[in-house]
Amino acid sequence: MIKAITGTKDILPSDISKWKFVESIIDKTMQGFNYKEVRTPVFEETALFSRGIGEATDIVSKEMYTFLDKGGTSLTLRPEMTASVVRAFIEHSLAAKQNLNKLYYIAPMFRQERPQAGRLRQFHQFGAEAIGSTSPALDSEIIIMAYDILKSFGLKNILVKINSLGVPESRENYKAKLREYLQGKVAGLSEDSRKRFETNILRIFDSKEECDQKIMQDAPLLIDYLDEESLKHFESVKALLKQAGVPFEIDPKLVRGLDYYTKTTFEIVSGSVGSQSALCGGGRYDLLVEQLGGKPTPGVGFAAGIERILLACENENSLNIPVESIDLYIVRLDNGLQPNVFDLGLHFRRKGITSEFDYLERSVKAQMREANKLNARYVIILGGEEYQKGELVLKNMLDGTQENVSLDNMEYIANKFAG
RNA sequence: GUGAGUGUAGCUCAGUAUGGUUAGAGCAUCAGAUUGUGGCUCUGAGGGUCAUGGGUUCGAGUCCCAUCACUCACCCCA
């Protein structure tokens with residue numbers, strides 16, 4: 001038997017209502033903030049991601065699905081969306097059409113990691129990017145949108161964590177200080193952290209190893225070395241979040257794994273999923289556009305993992321999905337009327353009234369059972385004496401009442417579903 | 001990439017310690033309950049190469065080995 005690739009999942013009809021519901025809330029919220037949807041190809045030239053996300057990051061160095069096409073070009077299935085959105089922004093000169101572009105997406109991403117709870121190889125993210133302004137209002141807006149959407153899913157056990165990474169210069173200053181602090185202590189670090197000391201020193205803060213955490217407890221914090229402008233920016237972001245009623249926590253150790261972040265970074269974590277608790281993450285990237293070959297343009301954005309959110313919703317039992325139902329089921333008393341049933345069904349279907357009938361020549365009882373299983377609001381029973389008299393039986397499945405309706409008064413039935 | 005756990009019906013699981021006739025249950029599916037009407041109830045039916053391959057044995061779902069798959073955790077991230 002051929003099975004789906006490791007780390008990929010089919011979304012079956014029984015799950016679709018959940019996804020549609022989630023997507024509709026995302027659409028509604030994003031549009032309320034006047035973000036416009038954008039769709040980009042699932043694969044891009046590999047260089048886009050290695051340059052955008054950073055050669056040394058885990059995503060680029062070991063998690064990408066990269067392959068050569070027949071022309072010998074190295075292509076990669078997108079592991080995240082920001083680089084692609086920025087590429088499209090530059091390629092189509094969106095900046096020329098308006099100063100500020102507010103974009104959002106809902107799309108599949110691909111990373112070749114070992115699957116576990118809340119982590120798949122093909123997974124779905126939604127997110128937003130506001131490109132073209134340094135205003136802290138946009139940092140806040142991005143965080144508020146993410147928070148509002150999660151709240152709309154009924155999630156309670158969530159925490160917003162924010163931090164500021166400052167501008168590159170202040171960060172370099174700080175890194176030097178941190179290196180100085182750690183210089184004599186390297187031997188006490190875990191193996192991974194010793195590597196990070198060379199490659200990405202800030203990430204040592206993320207380590208869960210006890211020995212690392214002990215050493216990092218007294219380490220200097222980035223936030224104390226922020227430049228004045230970044231600090232001011234950070235204060236504005238915090239003030240706006242407070243104003244919006246979004247509870248948050250400052251996490252000076254929140255360092256994100258993508259290279260392009262500057263100033264604000266944030267994460268929303270859930271206590272209701274396994275170890276992959278980050279539902280959502282993002283931040284400001286004022287240098288990315290230029291880095292990818294565009295004119296210097298600031299930006300800020302976030303991405304959220306839909307499967308993780310669904311997992312959290314399931315564990316908190318927070319999603320209230322309406323049960324699926326259909327409008328009409330047409331029962332036939334004798335098989336000879338099959339063409340008439342088909343015709344009648346088509347009549348209502350073309351009016352947008354969701355209708356179904358039996359294709360398997362099953363008994364009346366079986367047809368009624370089917371109607372009930374489908375949650376049909378009304379059932380038409382066609383055949384027998386009534387049919388001889390030019391009538392059909394219309395049964396209301398909610399209260400069980402039924403009435404006879406003349407076959408040339410289908411308006412009457414259609415009106416049951418009006419409005 | 002590293003570690004641990006689990007693979008028995010469409011789904012959730014018994015059965016494996018002490019190997020022994022035709023491998024069970026619940027849910028789901030289908031059919032029926034005097035034949036023209038759903039939900040509840042009752043009755044019945046279908047559905048399993050017990051993950052795969054090898055080994056031990058008179059005999060393996062059960063013991064041993066290998067492989068594969070899945071799950072969780074590390075790592076990293078959404």
Side-chain angles (χ1 to χ4, degrees), chain A residues 1-9 12 14 53 56-64 78-82 106-127 146 150 190-193 195-196 200 203 206-209 254-258 266-270 273-283 301-312 329-334 337 360 362-387 392-402:
Chain A
M1 185 178 51
I2 297 176
K3 297 203 284 186
I5 300 298
T6 297
T8 68
K9 285 259 187 296
L12 297 173
S14 53
I53 302 170
T57 60
D58 278 39
I59 292 180
V60 170
S61 64
K62 50 191 205 198
E63 294 170 4
M64 294 206 302
R78 62 173 172 226
E80 61 110 47
M81 194 69 170
T82 303
I106 306 174
M109 307 293 155
F110 307 84
R111 293 183 202 175
Q112 189 158 9
E113 300 182 85
R114 200 67 165 259
Q116 73 185 73
R119 189 168 77 192
L120 293 171
R121 290 185 173 179
Q122 173 172 343
F123 60 102
H124 297 79
Q125 290 188 334
F126 65 89
L150 295 184
S190 69
E191 197 189 322
D192 282 335
S193 288
K195 248 182 249 160
R196 286 187 277 230
N200 193 348
R203 293 213 60 82
D206 274 352
S207 173
K208 285 169 190 162
E209 298 285 339
L254 178 67
V255 173
R256 300 190 46 78
L258 286 71
F266 80 100
E267 217 170 84
I268 302 180
V269 296
S270 164
V273 290
S275 69
Q276 304 303 315
S277 60
L279 299 185
C280 169
F302 83 92
I306 297 181
E307 283 86 351
R308 273 183 201 181
I309 289 169
L310 251 21
L311 211 59
Y329 191 95
I330 305 170
V331 169
R332 130 195 68 58
L333 294 183
D334 39 287
L337 288 174
L360 304 170
R362 293 195 291 182
S363 68
V364 173
K365 194 188 210 53
Q367 293 178 71
M368 285 303 295
R369 279 198 183 128
E370 184 73 9
N372 187 62
K373 206 168 67 186
L374 295 173
N375 274 317
R377 286 169 61 196
Y378 284 91
V379 163
I380 284 177
I381 298 163
L382 199 65
E385 295 166 24
E386 291 87 349
Y387 189 71
L392 53 72
V393 176
L394 180 67
K395 176 165 185 164
N396 181 329
M397 291 294 274
L398 284 179
D399 57 23
T401 59
Q402 54 187 54

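Chain naming here is simple, since letters A, B, ... match the order of the sequence lines and numbering starts at 1 in each.
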Test item: [X] and [Y] side chains (from C-beta on) under 4.5 Å apart, heavy atoms:
| X | Y | answer |
| --- | --- | --- |
| A:V331 | A:V364 | yes |
| A:Q125 | A:P108 | no |
| A:L120 | A:T8 | no |

Which residues share a side-chain contact (heavy atoms from CB on, under 4.5 Å) with [X], sequence neighbours left out:
| X | answer |
| --- | --- |
| A:L398 | A:N396 |
| A:S363 | A:K365, A:A366 |
| A:E385 | none |
| A:S275 | A:Q116 |

Quick one: look up who [N] pairs with, Watson-Crick or G-U, both distances under 3.5 Å, and put none if it's unpaired.
| N | result |
| --- | --- |
| B:rC63 | B:rG55 |
| B:rC68 | B:rG7 |
| B:rG24 | B:rC13 |
| B:rA33 | B:rU41 |
| B:rA73 | B:rU2 |
| B:rG19 | none |
| B:rG47 | none |

Using the [atom1] atoms only, state how far [M] lies from [N], rounded to an integer number of Å.
| N | M | atom1 | value |
| --- | --- | --- | --- |
| B:rG7 | B:rU49 | C1' | 15 Å |
| B:rA23 | B:rG48 | C1' | 9 Å |
| B:rC11 | B:rC70 | P | 15 Å |
| B:rA14 | B:rU41 | P | 25 Å |
| B:rA60 | B:rC77 | C1' | 45 Å |
| B:rG1 | B:rG53 | P | 26 Å |
| B:rC75 | B:rA25 | C1' | 42 Å |
| B:rG47 | B:rC64 | C1' | 32 Å |

Going 5' to 3' through [range], assign each nucleotide B (protein heavy atom under 4.0 Å from a base atom), S (under 4.0 Å only from sugar-phosphate atoms) or - (no protein heavy atom that close).
| range | answer |
| --- | --- |
| nucleotides 45-51 of chain B | ------- |
| nucleotides 35-41 of chain B | -BBBB-- |
| nucleotides 66-75 of chain B | ---SSSSBBB |

Who passes side chain to side chain donor-acceptor pair (under 3.5 Å) against A:S14, sequence neighbours left out?
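Partners of A:S14 by the side chain to side chain donor-acceptor pair (under 3.5 Å) criterion come out as none, since no residue qualifies.
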| request: Using a heavy-atom cut-off of under 4.0 Å over every strand shown, decide if A:R111 touches base, sugar-phosphate, or nothing. | output: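 Base contact.
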Taking ring pair (Phe, Tyr, Trp, His ring centres under 6.0 Å) as the test, write out the residues that go with A:Y378, two or more places apart.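 Here the qualifying residues are A:F417.
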Which atom pairs, donor and acceptor, lie under 3.5 Å between side-chain atoms of residues 305-312 of chain A and protein residues at least two apart or in another chain?
unit_1, atom_1, unit_2, atom_2, d
A:E307, OE1, A:H124, N, 2.9
A:E307, OE2, A:H124, N, 3.3
A:E307, OE2, A:H124, ND1, 2.8
A:R308, NE, A:G118, O, 2.6
A:R308, NH1, A:A278, O, 2.9
A:R308, NH2, A:G118, O, 3.3
A:R308, NH2, A:Q276, OE1, 3.4

Scan the side chains in residues 370-377 of chain A for donor-acceptor partners under 3.5 Å anywhere in the protein, sequence neighbours excluded, and list what turns up.
unit_1, atom_1, unit_2, atom_2, d
A:E370, OE1, A:R362, NH2, 3.2
A:N375, ND2, A:E324, O, 3.1

Separation of atom CZ in A:R121 from atom C1' in B:rG1, rounded to whole Å:
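From A:R121 CZ to B:rG1 C1': 11 Å.
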Distance, rounded to the nearest Å, where A:Q367 contributes CD and B:rA31 contributes C1':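 Spelled out: CD on A:Q367 to C1' on B:rA31 is 15 Å.
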_Please determine whether a side-chain nitrogen of the Lys or Arg among A:E113 and A:R119 lies less than 4.0 Å from a carboxylate oxygen of the Asp or Glu._
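A salt bridge links A:E113 with A:R119.
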Legend entry - Partners meeting salt bridge (charged side-chain N to carboxylate O under 4.0 Å, His left out) with A:K9 (sequence neighbours left out):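 Listed in chain order: nothing, the list is empty.
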